[in-house]
Amino acid sequence: MEKIRTLRGFRDIFGEELGKFKRIEQAFRKYSARFGFREIELPILEKTELFVRSIGDTTDIVEKEMFTFMDAGGDSLSMRPEATAGMVRSYLQEGLYATERMTKVCTIGPMFRHERPQKGRYRQFHQIDVEVFGVKEPLVDAELILLVRMLLDELEIRRYRIEVNSVGCKMCRESFRRILIDFFETRKDELCGDCLRRLEKNPLRIFDCKNQQCIGVTADSPLLFDSLCEECKDHFDLFRQYVAGFGVDIEVNKRLVRGLDYYTKTVFEITSDDLGAQKAFIAGGRYDNLVEEMGGPATAGIGFAVGVERLAMLLPPGEAEPGTECFFAGIGDRARDYLTTLLKRCLTEGIPLRYAYEAKSLKAQMRYADNLKCGFVLILGDDEIDRGTITLRDMTGKSQDELPLDADTIVNTLKKRLSGQAPALSTRDG
RNA sequence: GCGGCAGUAGCUCAACGGCGGAGCAUCGGAUUGUGGUUCCGAGGGUUGCGGGUUCAAGUCCCGUCUGCCGCCCCA
């Protein structure tokens, strides 16, 4: 029989990595709530058209990276490749624009893109997504930067860079697009193949090219940033001013562009050199036209997404907390009978009690208890039962004494010893 | 989608084209019922999968799947 394994780019997430996921979620929930974000769960499957209209039909994501298929009713469906499209759909469908003046929502969950996997890039990956609808003022742009900063501080991540830029409004972009194409047409012979393709599709992305010669060309090229309209320029200046007020360090990168069509004005990207090729782990920006383009009222929007797998790679390994569990080692049938009474009491009283299901030698049981890093072992054999006692061994202190064989006494003693043993339990965030 | 490297025990890796191994981990033992260190022992493999070359293939060739690195793209 051939073993069945996960699909390419799909993985089981467990153990240490899952622990990091949980820490990230916990830190995120703490701060998102503090900033006034409501959590929402969105469908994974949506009509393909949702993504085509929002992300853009010429983007790589939509052109070749979506898991798309026909359902039995003949509709074209797609697994969501990102969250913003669904957030906008939900905002409109639930009529939030009519019931509140401003909406802050967030979600967390799996996204799907049919890309070639490599480290930090999977076909099913997870994003934390944050969106604000109905605020055009740059104060909210800065607030999102502050949220990112507090989240990373909470997770004790220090080595990263926040790069920001403005890609202008529709008008800046339209007029600049022509200037840019005219410029690159004169230097066409110096551009790489990819960039020639970009020139047709999305000339702004030529600024992203890593080819030295292309970088040389763009060094001479006019920049969108320098031809922003007054409004966009003021918006960006205010944004920077507010960020400075929050005391967060950012770098303006006039070459920073985004791959999705809907971005306007503020865009940002948080990168780390500890990640390898896929080094952006948080990115986002403003999309002031998207809601209207999706059939809603003219509504400003801004948001960002966190790549959970990439962020998890930056986290230090979580420290284990040994010694917080107890083990029952029994010898003989009488001890085994007593286990059922004691086990139920312990589990009810909140004491994690471990034991071996099979009858094993005491030595083997002790080894098992040690392996499980149990702080205390209860030893019960015929000798103890005849005396009406039970032995309690402290595994770290290597000392042991006998208690009366009485469930109340045992439970109370264990509670006392465990809380004295592991003060970390009470200082740890729940 | 393109280019390159790799795949051997649960994990990390050895093995000139010639009997598939080690360390770690797991399990058991070291005189009566006491863990970690030490010593002894055991189990564990269709060498990713499928073809081909050869007297003989983990090893060479082709295909395929998967992972990794880079490109592309993006979080």
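Heavy atoms only: backbone and side chains are in, while hydrogens, waters and symmetry mates are out. Chain A is the first sequence line, chain B the second, and so forth, proteins listed ahead of strands; every chain is numbered from 1.
Rounded to whole Å, the distance from CZ on A:Phe376 to C1' on B:G35 is 15 Å. What separates CD of A:Gln278 from C1' of B:C72 is a distance of 10 Å, to the nearest Å. To the nearest angstrom, C1' of B:A75 lies 16 Å from CD of A:Glu25. Rounding to whole angstrom units, CG of residue A:Asp60 and C1' of B:C74 are separated by 9 Å. One can place CD of A:Gln118 at 8 Å from P of B:C71, the figure rounded to the nearest angstrom. The distance from atom CD1 of A:Ile379 to atom P of B:U34 is 9 Å, rounded to the nearest whole Å. Atom OH of A:Tyr368 is separated from atom P of B:G36 by 16 Å (rounded to the nearest Å). Rounding to whole angstrom units, CG of residue A:Leu275 and P of B:C69 are separated by 11 Å.
Nucleotides B:C55 and B:C13, compared at atom C1', are 31 Å apart to the nearest Å. Comparing B:C16 with B:C60, their C1' atoms sit 13 Å apart, to the nearest whole Å. Between B:U53 and B:C62, the distance separating the two P atoms is 15 Å to the nearest Å. For B:U47 and B:G20, the P atoms lie 10 Å apart once the distance is rounded to whole Å. B:U59 and B:G67 are spaced 22 Å apart, taking the P atom of each and rounding to whole Å. Across the P atoms, B:A14 and B:A56 are found 28 Å apart, a figure rounded to whole Å. Spacing of P atoms, B:G1 relative to B:A9, comes out at 29 Å, to the nearest Å. The same atom, C1', is picked in B:A25 and in B:G10; the two are 7 Å apart, to the nearest Å.
With a 6.0 Å radius and a threshold of 12 heavy atoms from other residues, nucleotides or ligands, A:Arg240 has its CZ atom at or below the threshold. Counting heavy atoms of neighbouring residues, nucleotides and ligands inside a 6.0 Å radius, atom CD of A:Glu41 does not exceed 12 of them. Within a 6.0 Å radius of CG in A:Asp220, other residues, nucleotides and ligands contribute more than 12 heavy atoms.
Evaluation of atom-type donor-acceptor distances gives a pair under 3.5 Å for the side chain of A:Arg121 against the base of B:C73. Evaluation of atom-type donor-acceptor distances gives a pair under 3.5 Å for the side chain of A:Lys398 against the base of B:G36. One can find a donor-acceptor pair under 3.5 Å joining the base of B:G33 and the side-chain atoms of A:Glu384. The base of B:C73 does not come close enough to the side chain of A:Arg258 for any donor and acceptor atom to sit less than 3.5 Å apart. Judged by distance alone, with hydrogens and angles left aside, A:Arg116 brings a side-chain donor or acceptor within reach of the base of B:G3, the pair sitting under 3.5 Å. Looking at A:Gln400, its side chain comes within 3.5 Å of the base of B:U34 through a donor and an acceptor atom. For B:G36, its base never sits under 3.5 Å from the side chain of A:Arg367 at any donor and acceptor pair. Side-chain atoms of A:Arg5 stay outside donor-acceptor range of the base of B:C49, with no qualifying N/O pair under 3.5 Å.
In summary, the aromatic rings of A:Phe328 and A:Tyr355 are positioned with their centroids too far apart to meet the 6.0 Å limit.
Side-chain nitrogen and oxygen atoms of A:Gln365 include none within less than 4.0 Å of the OP1 or OP2 phosphate oxygen of B:U34. Close to B:G28, at under 4.0 Å from its OP1 or OP2, lies a side-chain N or O of A:Lys360. For A:Asn371 and B:G36, the shortest distance from a side-chain N or O to OP1 or OP2 is not below 4.0 Å.
A:Ala364 comes within contact range of the sugar-phosphate backbone alone, with a heavy-atom separation under 4.0 Å but no base atom that close. Within 4.0 Å (heavy atoms only), A:Gly284 reaches no atom of the nucleic acid at all. Contacts of A:Ala283 with the nucleic acid, taken as non-hydrogen atoms under 4.0 Å apart, involve only primed sugar atoms and P, OP1 or OP2. Using a 4.0 Å heavy-atom cutoff across all strands shown, A:Lys119 reaches sugar-phosphate atoms only and no base atom. When heavy atoms are screened at a 4.0 angstrom cut-off, A:Gly9 is found touching the sugar-phosphate backbone but no base atom.
Neither side chain, A:Tyr122 nor A:Glu309, offers a donor N or O lying under 3.5 Å from an acceptor on the other. Side-chain contact annotation: A:Thr84 with A:Glu131, donor-acceptor N/O pair under 3.5 Å present.
Listed candidates were B:A75, B:C68, B:C73. Nearest to the side chain of A:Glu65 is B:C73. The A:Glu115 side chain lies nearest to B:A75 when the options are B:G28, B:A75, B:G33. Considering only side-chain atoms of A:Met366, the nucleotide from B:A75, B:U66, B:U34 that sits closest is B:U34. Among the nucleotides B:U34, B:G67, B:A75, the one closest to any side-chain atom of A:Arg393 is B:U34.
Shown are A:Asp288, A:Leu144, A:Asp141; of these, the side-chain contact (heavy atoms from CB on, under 4.5 Å) with A:Thr266 is made only by A:Asp141.
A:Arg149 forms no cation-pi arrangement with A:Phe246, by the criterion of a distance under 6.0 Å to the ring centre and an angle within 45° of the ring axis.
Map A:Val306 and A:His114 each onto its nearest nucleotide of RNA chain B; the residue landing nearer the 5' end is A:His114. The residue among A:Glu82 and A:Arg11 whose nearest nucleotide of RNA chain B lies closer to the 5′ end is A:Arg11.
We find that the ring of A:Phe281 and the base of B:A75 do not stack by the test of centres under 5.5 angstrom and planes tilted less than 30°.
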A:Arg334 and A:Asp386: salt bridge (Lys or Arg N to Asp or Glu O under 4.0 Å), yes or no, with the steps?
CA-CA 10 Å; A:Arg334 289 201 283 166; A:Asp386 290 341; 3.0 Å; yes
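Classification of A:Glu17 and A:Lys20 as a salt-bridged pair fails, no side-chain N sitting under 4.0 Å from a carboxylate O.
Contact detail for A:Ala407 and A:Arg345: the closest heavy-atom pair is CB-NH1, 4.0 Å.
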Using Watson-Crick and G-U wobble pairs with both distances under 3.5 Å, what is the 5'-to-3' dot-bracket string of RNA chain B, with [ ] for crossing pairs and | for pairs outside the strand?
(((((((..((((....[..)))).(((((.......))))).....(((((..]....))))))))))))....
